[in-house]
Amino acid sequence: MNHYVCETVYVHEDTIKEVQEEILNEPLNDKISRFFKAISDPTRMKILYALKRHELCVCDISVILDMTQSAISHQLKTLRDVDLVRTRRDGKTIFYRLADDHVHLIFDQAIKHLKENHDEKNL
């Protein structure tokens, strides 16, 4: 038996209409997709985690992750493009931080979710 196919054809018009009215519009859908694509990279996840702890410059991040400053700068540009990180200039040094508390919340919720699922599977 295939659980992914309806055995009887019955269209739930009220439900369909409700979902269609509330489904994401294309511009917002695209923006959310770019957001998740940006955070799906392991290096960018490490950068976000580091910035969750402290505001850092490219030099600091490159030492923490043992990567070149050029590679870190490239990753930071991607994160800035989707508004996950912001900058602050102090003289010649640019410091990076998470854009706002929402980024902290999303990050914390993802970690909490994965840890809970991991703990449940290991019972």
Inset, instruction - Only counting residues at least two apart or in another chain, list the ones meeting ring pair (Phe, Tyr, Trp, His ring centres under 6.0 Å) with Phe35. - result: none

Please output the side-chain donor-acceptor pairs of residues 50-61 that fall under 3.5 Å, not counting sequence neighbours, one pair per line with the distance.
unit_1: Lys52; atom_1: NZ; unit_2: Asp108; atom_2: OD1; d: 3.1
unit_1: Glu55; atom_1: OE1; unit_2: Arg88; atom_2: NE; d: 3.2
unit_1: Glu55; atom_1: OE1; unit_2: Arg88; atom_2: NH2; d: 2.6
unit_1: Glu55; atom_1: OE2; unit_2: Arg88; atom_2: NE; d: 3.1
unit_1: Asp60; atom_1: OD2; unit_2: Cys57; atom_2: N; d: 3.4

Same apolar cluster: [X] and [Y], side chain cutoff 4.5 Å:
{"X": "Leu98", "Y": "Leu105", "value": "no"}
{"X": "Tyr49", "Y": "Ile47", "value": "yes"}
{"X": "Ile111", "Y": "Val85", "value": "yes"}

Inset, instruction - Specify the closest pair of heavy atoms between Ala38 and Thr78, including all atoms of both residues, with the distance to one decimal. - result: CB-CG2, 4.2 Å

Just to verify, what does [X] make a side chain to side chain donor-acceptor pair (under 3.5 Å) with, not counting sequence neighbours?
{"X": "His12", "result": "none"}
{"X": "Asn29", "result": "none"}
{"X": "Lys77", "result": "Asp81"}

Legend entry - Backbone N/O of Leu28 and side chain of Asn25: donor-acceptor pair under 3.5 Å: yes

Inset, instruction - Please examine the side chains of Phe107 and Met45, heavy atoms only from C-beta on, and report whether any two atoms are closer than 4.5 Å. - result: yes

Legend entry - Inter- and intrachain pairs under salt bridge (Lys or Arg N to Asp or Glu O under 4.0 Å), touching residues 28-46, at least two apart: none

